[in-house]
2 protein chains.
Amino acid sequence: MQRAALELIADRGYDQTTVAEIAVAAGLTERTFFRYFADKREVLFASQDRFIALVVDALIAAPPDLAPLEAVVTAFGASTTWFDERRALAQARQGVIDAHPDLQERELAKIAKLSTAMTQALSDRGVSEPQAALAAAAGVAAFRFGFAQWLADADGHDLESHVLSGVDELRKVIAI
Amino acid sequence: MQRAALELIADRGYDQTTVAEIAVAAGLTERTFFRYFADKREVLFASQDRFIALVVDALIAAPPDLAPLEAVVTAFGASTTWFDERRALAQARQGVIDAHPDLQERELAKIAKLSTAMTQALSDRGVSEPQAALAAAAGVAAFRFGFAQWLADADGHDLESHVLSGVDELRKVIAI
DNA sequence: CGCTTCATGTCAGCGACTGTCATCACTAGA
DNA sequence: TCTAGTGATGACAGTCGCTGACATGAAGCG
């Protein structure tokens, strides 16, 4: 169903694609669609949930002596090869999302979910509440920055180096 | 209409309040509601748009020799007295928003809108693209942090001091 | 063979949202 | 003062996202 949805929406646009059409294209009915996905947008974000789980697990498993922001960056590192192997798909998906405000909203919500999950994981590592929240926010900002650069980057540096340069930029901005 | 909406939703919940009810409570019809607000959520966020305009204008007007992050913080300072005078209303509104995921999504979207507007304004001040994006992201993160503290703060420090302590915390996290 | 369970289909219905046309007040200008 | 135009609103019908309730059929298990 996710594949069918991405193809249909990429083809004719989000508004012009009904849930019924997606379901039929996958050989099912509209009602069944809503048994798998909470709403229409969600069909494009199921993979995002897996990504979040992956990164949070990596954060929990990170060496306990790392500073908060370093632990966050390390955790993101665990996901970068997964992306590096699927750059074309990620670009297609991002194109669809960037084309519709409703989808951008959902993406922001997923990012926020990631951020709060990382905050929680940092708390569990013994980081204080404010430090955890801001380290997660900063790390996520750097990742988003690096991710955008990576998607746009024609000469194919890998995602991780883009994320690291995002952290560097962040340090420069803050250090003033 | 905004007042009617906030009261009704605070009273019986977002899902249990229909657009038609809000419109009638304001002496209008559902169709007219949708001429003023793009969708049901938006009625709770019109004020947010004014806030964004205010802060962005302040950023444009900030002394040109300020560092990016300092300019952002200064711009937020222009809005804090507005909030300090309306703390009770802000709390009511935040309570409603926190009670429904759809509204949280919209709030994130508004925050993102603010962030990109500030990025643009920083660019216009001559700040480089990456620095602008990250300074805006960092500033917004600090503001959100300070805002949450301020809403929860019983002994009434003003918003600005909470935001400044957010920036301090951010510096500590990053500096490692 | 009967029982349960799980995935799916069917159907009816609500509410968000839109396009279209009608109505009515208000204004500008002859 | 009449008239034409403009802008805000209402009325109505229709689409689509989404949900609850019940039916069906296949798979597994005693």
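Note on naming: letters A, B, ... go to the chains in the order of the sequence lines (proteins, then strands), and numbering restarts at 1 for each one.
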Can you list everything that forms a side chain to side chain donor-acceptor pair (under 3.5 Å) with B:D124? Sequence neighbours excluded, please. B:Q120
Test ring-ring contact (aromatic ring centres under 6.0 Å, His included) applied to A:Y14 - qualifying residues, sequence neighbours left out: A:H100
For DNA chain D, determine which residues of residues 94-113 of chain B have any heavy atom closer than 4.0 angstrom to one of its atoms, and list them numerically. none
Non-neighbouring partners of A:F76 that pass ring-ring contact (aromatic ring centres under 6.0 Å, His included), sequence neighbours left out: A:F143
By side chain to side chain donor-acceptor pair (under 3.5 Å), A:S47 pairs with (sequence neighbours left out) none
Base contacts versus sugar-phosphate-only contacts with protein, heavy atoms under 4.0 Å: please encode nucleotides 6-19 of chain C as B, S and - from 5' to 3'. --BBB-----SBBB
Sorted by first residue and then second, give each side-chain hydrogen bond (donor to acceptor under 3.5 Å, both in side chains) pair with at least one member in residues 24-42 of chain A; sequence neighbours left out. A:T29-A:T32, A:D39-A:R106, A:R41-B:E105, A:E42-A:R106, A:E42-A:K110
Holding to salt bridge (charged side-chain N to carboxylate O under 4.0 Å, His left out), I want the full list of residues that pass it with A:R12, two or more places apart in sequence or in another chain. A:E21
ring-ring contact (aromatic ring centres under 6.0 Å, His included) with B:F33: which residues, sequence neighbours excluded? B:F37
